[in-house]
Structures are given as structure tokens and as C-alpha cells.
A.B. asks: 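First the structure, which I've put down as C-alpha cells, then a few questions once you've had a look.
All residue numbers refer to positions in the sequence shown, counting from 1.
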Amino acid sequence: MISSCSRLNTIEFLIKSSQHLQVSPIVKYSAFSFFADRFLPSLPPFIKGASSLNWLLQPVTESTLQLFVLISIWISSKIHDSKPLSVASLKFLADNSINEQHFTNRNFLEAEVLFMQVLNFEIGTANIAFSFLDELWIQIKGVAKVGELINFEACMEIMDLLYEKEETAFLYRSPHSLAASILVISTFHIAISMLQIILYKILLLESCHILLQVVSYVMTVPKQKWEFPVLAWVNFAASCKEEDIIKMATEILKHVLEPC
């Protein structure tokens, strides 16, 4: 019912809207959970089983999907923010971003009720990947130096990419394993970046003598300063099977590193 193109456009609209509204990451990824993980899969059976349909679903257009994206952010903001987003701020964004249709304040209220009905009023946010990833990141920073080097922004970019790709969205059905896998990938990225820097500097060296000094230094740095059993720790902290983490991390890397 909803084409892959429309799905991608609405996911990108959610990312851009979150940036424009300057919402916190937990608001953004709770909205992702509401819209991408729950609303989109539940919409076709909801429409099929309805005796009468609201005008917003007759038919389902990209404009109405964008409206529901804003509704997902609004509901998420109500849950997580002490001062939630106002209807006025959402309507202002809609007026400037949704060109095919104009929505009133009343339409927003109507769409919110409809959105909740499609979700069967299930709006819990305790079981989302971002929450588990954030918790793991805080924990690993407290026990290992590598935790301080993790680029959490890069972790969130991976999460965005996985939502954008329809074939990887299913990974969010296993939020614990997904969070653990992204954290493991981020630590691998640190190791690769360090190796790239070292190799680049070696290539710039003009003297074989200096090259030997660099190699000697790298070899004599205390291994325990950098080494940390990330996979084993994540396996314990996230209560996930090691083979599941490796399998999911491999799947993620296959898509993250895929040529555009």
C-alpha cells in the first residue's frame, strides 16, 4: 500500500523535521519507533479492518504520511519533554514543508487521535534501541578508555541509515542486539581510524630511521592501555548472545559500507 519511495521520503522527513524542531535524540528515536516500527506496519490491517475510514486515509498520500510523522514527534515530545512541542510549531513546519496539502490545527488534533487508534494506543518507549544504546555507552565510558573515544553521533547516524533502508528496518525488532551491535561496530571504527592515521603518517615519513622509531613505539605501547574485551563486555551487559551480535554487526556493516 505504501511504496518504498514514499516510505523513504517520510523517513527522511522525520530526520529533517527532528533537526528543524531541535528535539532531543530520545524524542527523535521514540518518534521513529512510533512511526516506522509501529504505525507503518499497522496501517494496512487497520484500513482493511475498518468499517469506515477517516478522510485522512482516503487515500493515504505522502502528505498525510508527513502529517503523521509530525504527530509521532509530537506524541514523543509529550512523553519525554517537560515542555512539549506546541501545535503552532508543528503547523508552522507543516506549512513550510508540506506543499501538496494544507493542514489546520484541528487536523493535527484529528490526526493524533487517528494515529493513536492505529497504534492501538500502545506508546511505550522503554523497549527502543536508542535507550539501550545510550545506556550501554554510559556504562562502557565508566569501565574502559575506549568508551570515551566512541563517537555517539556516528552511532546515531548508523541508526538513521538503518531506518532509511527498508531492508534493514527489521533489525529494530531486536533492540537489545541492535544497540549492542552498533556499539561494537563503533569500537571497531576507532581501531580502524587509529590504524589509518598510523599508516598515513608512515607514508609521509622520509626516513627509514624514523619509520623504525614509529614501529618500535607502536609495538612497545602497553597493550592493556587500549585493549578491552568489548564484545565479551557487551555480551554480558546487554544479555545478548555473542553470535547474535556478530551476525547483526555483519549485517549492519554490509549495508553501512554499501556503495551509494
Side-chain angles (χ1 to χ4, degrees), residues 7-43 65-85 89-90 93 97 112 115-116 118-141 147 150-186 189 234 237-240 245 248-249 251-252 255-256:
R7 181 192 177 281
L8 176 60
N9 289 341
T10 52
I11 293 298
E12 291 179 343
F13 181 71
L14 196 158
I15 294 172
K16 292 178 181 177
S17 298
S18 296
Q19 293 173 341
H20 181 87
L21 295 167
Q22 298 182 331
V23 299
S24 64
I26 186 60
V27 169
K28 173 184 174 181
Y29 290 106
S30 294
F32 258 130
S33 178
F34 294 153
F35 182 78
D37 297 341
R38 309 181 207 183
F39 180 79
L40 289 182
S42 300
L43 188 57
L65 287 176
Q66 289 175 324
L67 173 62
F68 287 126
V69 163
L70 295 179
I71 295 300
S72 70
I73 296 175
W74 190 25
I75 293 174
S76 180
S77 176
K78 288 182 180 181
I79 294 173
H80 296 292
D81 294 337
S82 57
K83 187 178 180 181
L85 294 169
S89 63
L90 294 166
L93 179 58
S97 304
E112 181 187 23
F115 188 91
M116 295 284 284
V118 174
L119 265 59
N120 198 25
F121 297 90
E122 296 178 0
I123 54 171
T125 60
N127 194 38
I128 64 173
F130 174 80
S131 295
F132 298 133
L133 177 60
D134 189 43
E135 183 178 342
L136 286 173
W137 182 50
I138 292 171
Q139 290 180 24
I140 198 172
K141 285 194 296 182
I150 291 175
N151 185 340
F152 200 68
E153 290 290 333
C155 292
M156 292 190 289
E157 287 178 5
I158 292 175
M159 294 184 71
D160 290 354
L161 181 61
L162 296 179
Y163 267 123
E164 288 178 332
K165 290 176 174 286
E166 190 171 5
E167 61 270 27
T168 55
F170 75 94
L171 296 175
Y172 282 91
R173 298 173 190 168
S174 305
H176 282 93
S177 297
L178 178 58
S181 301
I182 292 175
L183 192 76
V184 168
I185 289 172
S186 69
H189 178 265
V234 168
S239 301
C240 299
I245 296 175
M248 186 171 287
E251 182 71 19
I252 293 171
H255 291 279
V256 169

A.B. asks: Please set out all donor-acceptor pairs under 3.5 angstrom arising from side-chain atoms of residues 26-34, sequence neighbours excluded.
C.D. replies:
{"from": "Lys28", "atom 1": "NZ", "to": "Asp160", "atom 2": "OD1", "distance (Å)": "3.2"}
{"from": "Lys28", "atom 1": "NZ", "to": "Asp160", "atom 2": "OD2", "distance (Å)": "2.8"}
{"from": "Tyr29", "atom 1": "OH", "to": "Met156", "atom 2": "O", "distance (Å)": "3.0"}
{"from": "Tyr29", "atom 1": "OH", "to": "Asp160", "atom 2": "OD1", "distance (Å)": "2.8"}
{"from": "Ser30", "atom 1": "OG", "to": "Ile26", "atom 2": "O", "distance (Å)": "2.8"}
{"from": "Ser30", "atom 1": "OG", "to": "His80", "atom 2": "NE2", "distance (Å)": "2.9"}
{"from": "Ser33", "atom 1": "OG", "to": "Arg38", "atom 2": "NE", "distance (Å)": "3.2"}
{"from": "Ser33", "atom 1": "OG", "to": "Arg38", "atom 2": "NH2", "distance (Å)": "3.0"}

A.B. asks: Using 0.5 Å steps for rounding, measure from the CD1 atom of Ile75 to the OG1 atom of Thr125.
C.D. replies: 12.0 Å

A.B. asks: For residues Phe68 and Phe39, establish whether the separation of their ring centroids is below 6.0 Å.
C.D. replies: yes

A.B. asks: Can you list, pair by pair, the side-chain donor-acceptor contacts under 3.5 Å of residues 172-185, counting residues two or more places apart and other chains?
C.D. replies:
{"from": "Tyr172", "atom 1": "OH", "to": "Met159", "atom 2": "O", "distance (Å)": "2.7"}
{"from": "Ser181", "atom 1": "OG", "to": "Ser177", "atom 2": "O", "distance (Å)": "2.7"}
{"from": "Ser181", "atom 1": "OG", "to": "Ile245", "atom 2": "O", "distance (Å)": "3.3"}

A.B. asks: Donor-acceptor check, side chain of Ser76 to backbone of Ser72, threshold 3.5 angstrom: yes or no?
C.D. replies: no

A.B. asks: Got a second to check how far Leu8's CG is from Tyr163's OH, nearest 0.5 Å?
C.D. replies: 15.0 Å

A.B. asks: Report yes if the side chains of Leu161 and Glu157 come closer than 4.5 Å at any heavy-atom pair, otherwise no.
C.D. replies: no

A.B. asks: Nearest 0.5 Å please: distance from the CD1 atom of Ile73 over to the CG atom of Leu85.
C.D. replies: 8.0 Å

A.B. asks: Between the side chain of Trp137 and the main-chain N/O of Phe152, is any donor-acceptor distance below 3.5 Å?
C.D. replies: no

A.B. asks: Side chains of Asn151 and Glu153: does their closest heavy-atom pair fall under 4.5 Å?
C.D. replies: yes

A.B. asks: Side chain to side chain donor-acceptor pair (under 3.5 Å) with Lys141: which residues, sequence neighbours excluded?
C.D. replies: none

A.B. asks: Just verifying a value: how many Å separate Leu162 CG and Ile11 CD1, rounded to the nearest 0.5 Å?
C.D. replies: 11.5 Å

A.B. asks: Look up atom CE in Met116 and atom CD1 in Ile71, then write down how far apart they are to the nearest 0.5 Å.
C.D. replies: 11.0 Å

A.B. asks: Sequence neighbours left out, what passes side chain to side chain donor-acceptor pair (under 3.5 Å) with Glu135? Give chain and number order.
C.D. replies: Gln139

A.B. asks: Apply the test side chain to side chain contact (heavy atoms under 4.5 Å, CB included) to residues Ile252 and Thr168: give CA-CA distance (whole Å), side-chain angles for both, the deciding distance (0.1 Å), then the verdict.
C.D. replies: CA-CA 8 Å; Ile252 293 171; Thr168 55; over 6 Å; no

A.B. asks: For residues 12-21, which side-chain donor-acceptor pairs fall under 3.5 Å, sequence neighbours excluded?
C.D. replies:
{"from": "Ser17", "atom 1": "OG", "to": "Phe13", "atom 2": "O", "distance (Å)": "2.7"}
{"from": "Ser18", "atom 1": "OG", "to": "Leu14", "atom 2": "O", "distance (Å)": "2.8"}

A.B. asks: List for me each residue that meets side-chain contact (heavy atoms from CB on, under 4.5 Å) alongside Pro84, sequence neighbours excluded, and say none if there are none.
C.D. replies: Ser77, Lys78

A.B. asks: Nearest 0.5 angstrom please: Leu40 CG to Arg7 CZ, how far?
C.D. replies: 6.5 Å

